[in-house]
Amino acid sequence: MDSNPYSLLISVNNPVPVPSPSPAHLPPGAEMASTIRLSTARRPEDAPLARVLTPPTTRRWSRQEPVPFWIHDGRDDRLLCSVRPTAPDGYDVHAADGAPLARVTRRAGRLLPWPRRVRWTVAPDGPARPVTGRVGTWYSWLLYVATAPVWFLYVLCMMVYSFVDGSPDGTAFKSPTRTRWRVHGAGTALDYRGISRTYRFTARLLDPRIAYALAVLHTWERER
């Protein structure tokens with residue numbers, strides 16, 4: 001990939017065992033849990049940008065019980081980076097040779113004593129500047145709060161209708177999700193767009209390995 005911006009899509013898969021023999025840095029029985037693709041890729045047989053591998057597990061990844069994972073290049077299967085949980089909502093990203101690349105942290109949102117949005121922070125190792133992203137734009141949260149009573153009544157009516165009709169209830173009242181990770185004074189490095197579920201990435205502002213790791217963590221946190 002060059003330095004021009006491009007859009008990523010994280011696909012969460014049913015775990016697929018890694019063919020033997022697996023690379024030495026992977027645990028026995030490692031599985032492919034996700035793929036990272038260009039949003040313009042249309043054919044499933046097209047090689048992804050990267051593959052995400054995890055240890056074998058019978059439970060789904062969660063913030064309460066995270067597991068390490070490895071990101072491999074989608075073309076030649078070489079290791080790009082590894083990600084290991086270090087603390088609640090804290091993760092260290094390492095290069096293929098073990099050198100530290102960045103620390104990713106997630107600060108939970110809250111309503112009281114004063115509202116604050118979920119915040120993701122990337123602290124790169126070395127001279128690179130931090131990258132910070134808040135979940136939901138301020139104007140989307142304002143609209144969300146202002147229209148909450150209407151949506152609550154709509155969801156309640158749909159739940160009653162689903163109960164009477166016997167059809168599954170697919171209605172959900174979802175909060176704003178758009179997230180822009182910005183480098184202070186330089187611009188937006190990564191932009192998650194909730195409607196398309198894609199990440200617009202500007203490579204000149206952030207190491208692609210860190211961006212891939214951040215996008216995977218953000219996607220797993222949302223979908224699991």
* Mind checking whether Ser7 and Phe201 have side chains closer than 4.5 Å, heavy atoms only? -> no

* **Minimum side-chain heavy-atom gap His218-Val216 below 4.5 Å** => no

* Asked: Does a donor on one side chain and an acceptor on the other come within less than 3.5 Å for Tyr199 and Thr219?
  -> yes

* Side-chain heavy atoms of Pro48 within contact of Ile36, under 4.5 Å -> no

* Quick one: closest heavy-atom pair of Pro68 and Arg84, and the distance? => CB-NH1, 3.8 Å

* Asked: Any donor and acceptor pair, going by atom type alone, linking the side chain of Arg193 with main-chain N or O of Thr179 inside 3.5 Å?
  -> no

* **Thr202 side chain near Thr188 side chain, heavy-atom distance below 4.5 Å** => no

* Asked: Where do Tyr6 and Leu49 come nearest, in terms of heavy atoms and distance?
  -> CE1-CD1, 4.0 Å

* Geometric class of the His25/His72 ring pair [parallel <30°, tilted 30-60°, perpendicular >60°] -> tilted

* To do: Tell me, yes or no, whether the heavy-atom count around Arg107 atom CZ, taken from other residues, nucleotides or ligands under 6.0 Å, exceeds 12.
  => yes

* **No-hydrogen, no-angle side-chain donor-acceptor test under 3.5 Å, Thr54 and Trp70** => no

* Tyr192 versus Arg222, side-chain donor and acceptor atoms under 3.5 Å -> yes

* Check the hydrophobic clustering (I, L, V, M, F, W, Y; side-chain heavy atoms under 4.5 Å; chains of links allowed) and say if Ile210 and Leu53 are grouped together. => no

* Any side-chain heavy atom of Thr132 sitting closer than 4.5 Å to one from Trp120? -> no

* Structure fact -> Note: Asp97 and Ala99 closest approach over all heavy atoms is OD1-N, 3.0 Å

* Asked: Roughly how far, to the nearest 0.5 Å, is the CZ atom of Arg106 from the CG atom of Leu217?
  -> 11.0 Å

* Asked: Do you know which two heavy atoms are closest between Pro66 and Pro85, and how far apart they sit?
  -> CG-CB, 3.7 Å

* To do: Please name the pair of heavy atoms, one in Ala213 and one in Val83, separated by the smallest distance, quoted to 0.1 Å.
  => CB-CG2, 3.6 Å

* Asked: Roughly how far, to the nearest 0.5 Å, is CZ of Arg116 from CZ of Arg134?
  -> 10.5 Å

* To do: Decide, yes or no, whether a salt bridge links Arg200 with Asp191 under the criterion of side-chain N to carboxylate O below 4.0 Å.
  => no

* Asked: From Thr198 OG1 over to Leu38 CG, what is the distance, rounded to the nearest 0.5 angstrom?
  -> 11.5 Å

* Is there a path from Leu79 to Met32 through hydrophobic residues (I, L, V, M, F, W, Y) whose side chains come within less than 4.5 Å of each other? -> yes

* May I have the step-by-step check of salt bridge (charged side-chain N to carboxylate O under 4.0 Å, His left out) for Arg51 and Asp73, ending in yes or no? => CA-CA 6 Å; Arg51 296 182 176 89; Asp73 190 283; over 6 Å; no

* More than 12 heavy atoms of other residues, nucleotides or ligands under 6.0 Å from CG of Asn14: is that the case? -> no

* Shortest non-hydrogen contact from Asp125 to Pro100? -> CB-O, 3.5 Å

* Asked: Can you tell me how far the CG atom of Asp89 sits from the CD atom of Gln64, to the nearest 0.5 Å?
  -> 8.0 Å

* Asp92 with Arg103: basic N within carboxylate O range, under 4.0 Å -> yes

* Distance in Å, Leu8 CG paired with Leu214 CG, rounded so as to fall on 0.5 Å steps -> 10.5 Å

* To do: Starting at CD1 of Ile10, measure out to CH2 of Trp220 and round the result to the nearest 0.5 Å.
  => 9.5 Å

* Decide whether Val12 and Val18 are clustered together by the hydrophobic rule: side chain heavy atoms of Ile, Leu, Val, Met, Phe, Trp, Tyr closer than 4.5 Å, transitively. => no

* Asked: Can you list the steps and then say if Val93 with Ser82 is a side chain to side chain contact (heavy atoms under 4.5 Å, CB included)?
  -> CA-CA 6 Å; Val93 184; Ser82 62; over 6 Å; no

* Asked: Should Tyr212 and Leu9 be counted in the same cluster of Ile, Leu, Val, Met, Phe, Trp and Tyr side chains packed under 4.5 Å apart?
  -> no

* Should Ser11 and Asn13 count as side-chain neighbours, where that means a heavy-atom distance under 4.5 Å? -> yes

